[in-house]
Chemist: 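Dumping the structure here so I can ask a few things about it.
In this text, all values refer to a predicted model and were calculated from it rather than measured experimentally.
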Amino acid sequence: MTCYIKDQAGNVINTATTKLTQGIFDGIDPIDAVALYEGEKYANCYLIENTDSKVYWFDARKVDGTLPSEDMVSAEILWQNVSCPIDKVMFENGRVYFKTVAEKSGNAVITVKDSKGVICWSWHIWIAGSPLGTNTFGSYVFMDRNLGATSFDTFESRGLNYEWGRKDPFPGAIHKDNTTSLDRLAVSPDIIANVKAQDGKTIEWTIQNPASYVSGSDNGKNKEDWYYDGVDAAVQDNTLWGDGAEKSIYDPCPYGYRVPSKAALEAMAPAVKTGTFSKNNGMTLTDDNDATCFIPASGWWQRKYNEVELCNVGTQGRLWSCTASEPNTVNDKYYGAYML
């Protein structure tokens, strides 16, 4: 910021310039902030496995290392759990800085905007509060909990929910005893229930509106996915989460993980068939190393009367894959996503 001192005639007689840092560091020099990756390990989700109060930073880049925009000027918290695990955030020199709150875990979505206030990209900050474990099925290694979960074996293991192919999360279910399946994790500000019909929505639109759930179009036979308008099959893209081998720029997982392929979920399927299901809870099974694996019945989001709700919490769950299933017999242009 530059201040100009003028005389009564309006002539500049002196100037003073200072750099504003928004005061988020409380005496901590940005050089001492903790980088959320080593090298160029970019992701749409950055995982923090502790609940210490620290200042963190990451480069505002996509998974492939490219810039979302050349015109990025500010950062802000789009939404977070009401426990508010993140205190403040700022954008400086191509980096996003934020400060966590001690002893608080949860999730937040941080956006970077351009000079016109349009969202360029967004990142999920996952403060798990404890180290992640793994489970092995066949040749595939899975993290021991859903994305966004702060536990691996309680109702807090339900984690977050996603629309297939989109990188940004939606809050998951929170109610402990499933007295209603509509209760979801409270977030601040509460801007999630912003349902939109497909109506030609593009990937660019969802990037600029990461809190909006997009309902598929109705072509008279099936509810299509959010990216397919029910008319032009050419716009459909079944590789938004990758092809099972390469991680895409829309993959919602932290570095080192990716959305599983159909083959990976098929490797888990035999253990699911012999597992034990507990209503209002989920499925407990044993992996190939005789370690316990828990899959919560976290339900899913759906559109209902131009609103969105969580349904089937405690009774059903879906593990997404990045693989499209075969076209169904009703409409040969319609693809579902393979899930477990």
Chemist: Are Trp123 and Phe58, when compared by the centres of their aromatic rings, separated by less than 6.0 Å?
Modeler: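 Centroid separation for Trp123 and Phe58: below 6.0 Å.
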Chemist: Side chains of Ile119 and Val112: closer than 4.5 Å at any heavy-atom pair?
Modeler: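 Sidechains of Val112 and Ile119: no contact.
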Chemist: Is there a side-chain contact between Asp144 and Thr134 in this structure, where contact means two heavy atoms from C-beta onward sitting under 4.5 Å apart?
Modeler: no
Chemist: Between Pro169 and Val109, is there a side-chain heavy-atom distance shorter than 4.5 Å?
Modeler: yes
Chemist: Looking just at side-chain N and O atoms, do Asp71 and Ser115 make a donor-acceptor pair shorter than 3.5 Å?
Modeler: yes
Chemist: Measure the spacing between CG of Asn161 and CZ of Arg158 and express it to the nearest 0.5 Å.
Modeler: 10.5 Å
Chemist: Without swapping roles, check the side chain of Ser157 against the backbone of Pro296 for a donor-acceptor pair under 3.5 Å.
Modeler: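 Between the backbone of Pro296 and the side chain of Ser157 there is no qualifying donor-acceptor contact (under 3.5 Å).
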Chemist: Has Thr15 got a side-chain atom pairing as donor or acceptor with Tyr4's backbone, closer than 3.5 angstrom?
Modeler: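 No: the side chain of Thr15 does not pair with the backbone of Tyr4.
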Chemist: Does any N or O in the side chain of Asn50 come within less than 3.5 Å of the main-chain N or O of Asp52, such that one atom is a donor and the other an acceptor?
Modeler: yes
Chemist: Take Trp57 and Val96, measure what side-chain contact (heavy atoms from CB on, under 4.5 Å) needs, and give me the verdict at the end.
Modeler: CA-CA 5 Å; Trp57 68 268; Val96 176; over 6 Å; no
Chemist: If you define the side chain from C-beta out and look only at heavy atoms, does anything of Ser321 sit under 4.5 Å from Ser261?
Modeler: no
Chemist: Might you work through the side-chain contact (heavy atoms from CB on, under 4.5 Å) test for Glu163 and Phe170, ending with a clear yes or no?
Modeler: CA-CA 8 Å; Glu163 283 200 279; Phe170 294 88; 4.2 Å; yes
Chemist: To check you understand the geometry: which heavy-atom pair defines the closest contact between Glu49 and Leu132, and what is its length?
Modeler: OE2-N, 2.7 Å
Chemist: Between Thr51 and Gly129, is there a donor-acceptor pair closer than 3.5 Å when you use the side chain of the first and the backbone of the second?
Modeler: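 Checked: no pair found.
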Chemist: Between Asn81 and Ser83, is there a side-chain donor-acceptor contact under 3.5 Å, judged purely by atom types and distance?
Modeler: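 Checked: Ser83/Asn81 side chains show no N/O donor-acceptor pair below 3.5 Å.
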Chemist: Quick check: does any side chain N or O of Asn209 sit under 3.5 Å from a backbone N or O of Trp205, one acting as donor and the other as acceptor?
Modeler: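 Checked: pair present.
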Chemist: Measure from the side-chain N and O atoms of Gln80 to the backbone N and O of Ile86, and report whether any donor-acceptor pair falls under 3.5 Å.
Modeler: yes
Chemist: Can you measure from CG (Asp243) to OG1 (Thr239) and round to the nearest 0.5 angstrom?
Modeler: 7.0 Å
Chemist: Below 30° counts as parallel, above 60° as perpendicular, anything between as tilted: where do the rings of Phe142 and Phe137 land?
Modeler: perpendicular
Chemist: Using the rule that two of Ile, Leu, Val, Met, Phe, Trp, Tyr join whenever any of their side-chain heavy atoms come within less than 4.5 Å, decide whether Ile295 and Tyr140 are in one cluster.
Modeler: yes
Chemist: In the structure I gave you, are the side-chain heavy atoms of Lys113 and Cys120 within less than 4.5 Å of one another anywhere?
Modeler: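 Counting from C-beta outward, Lys113 and Cys120 never come under 4.5 Å.
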Chemist: So which heavy atom on Val313 is nearest to which on Ala173, and how close?
Modeler: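 Heavy atoms only, the tightest pair is CG1-CB, 3.5 Å.
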Chemist: Any side-chain heavy atom of Leu160 sitting closer than 4.5 Å to one from Asn146?
Modeler: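 Heavy-atom side-chain distance check fails, nothing below 4.5 Å.
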Chemist: Are the side chain of Asn289 and the backbone N or O of Ala291 linked by a donor-acceptor pair below 3.5 Å?
Modeler: no
Chemist: Given side-chain contact (heavy atoms from CB on, under 4.5 Å), test Phe91 with Met72 step by step and report yes or no.
Modeler: CA-CA 8 Å; Phe91 180 79; Met72 297 186 291; 3.8 Å; yes
Chemist: Under 3.5 Å, is there a donor-acceptor pair between the side chain of Asn44 and the main chain of Asp251?
Modeler: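 Side chain of Asn44 to backbone of Asp251: a pair is present.
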Chemist: Starting from the C-alpha separation in whole Å, work towards a yes-or-no answer on side-chain contact (heavy atoms from CB on, under 4.5 Å) for Ile203 and Trp226.
Modeler: CA-CA 10 Å; Ile203 295 175; Trp226 66 269; 4.2 Å; yes
Chemist: CD of Glu204 to OG1 of Thr206: how many Å apart, nearest 0.5 Å?
Modeler: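 Spacing of CD (Glu204) from OG1 (Thr206) equals 7.5 Å.
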Chemist: What is the distance from atom CG of Leu285 to atom SG of Cys293, rounded to the nearest 0.5 Å?
Modeler: 4.5 Å
Chemist: Hey, does the side chain of Trp300 reach the backbone of Gln316 with a donor-acceptor pair shorter than 3.5 angstrom?
Modeler: no
Chemist: Would you say the side chains of Ser122 and Lys167 form a donor-acceptor pair under 3.5 Å?
Modeler: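 Per modelled atom types, Ser122 and Lys167 side chains form a pair under 3.5 Å.
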Chemist: Please tell me whether Tyr37 and Asp59 have a donor and an acceptor in their side chains that are separated by less than 3.5 angstrom.
Modeler: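 Yes, a side-chain donor-acceptor pair sits under 3.5 Å.
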Chemist: Cation-pi between Lys262 and Tyr338: NZ/CZ under 6.0 Å from ring centre and within 45° of the ring axis?
Modeler: yes
Chemist: Determine whether Ile125 and Asn107 make a side-chain contact, defined as any pair of heavy atoms from C-beta on separated by less than 4.5 Å.
Modeler: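 No, side chains not in contact.
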Chemist: How close do Ile192 and Trp301 get, heavy atom to heavy atom, and via which atoms?
Modeler: CG2-CH2, 3.3 Å
Chemist: Between Trp241 (side chain) and Arg166 (backbone), is there a donor-acceptor pair under 3.5 Å?
Modeler: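 Judged by distance alone, yes, a pair lies under 3.5 Å.
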Chemist: Working to the nearest 0.5 Å, report the span between CD of Glu76 and CZ of Phe98.
Modeler: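 Here the interatomic distance stands at 15.5 Å.
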Chemist: Do the side chains of Leu147 and Trp126 get nearer than 4.5 Å, heavy atoms only?
Modeler: yes
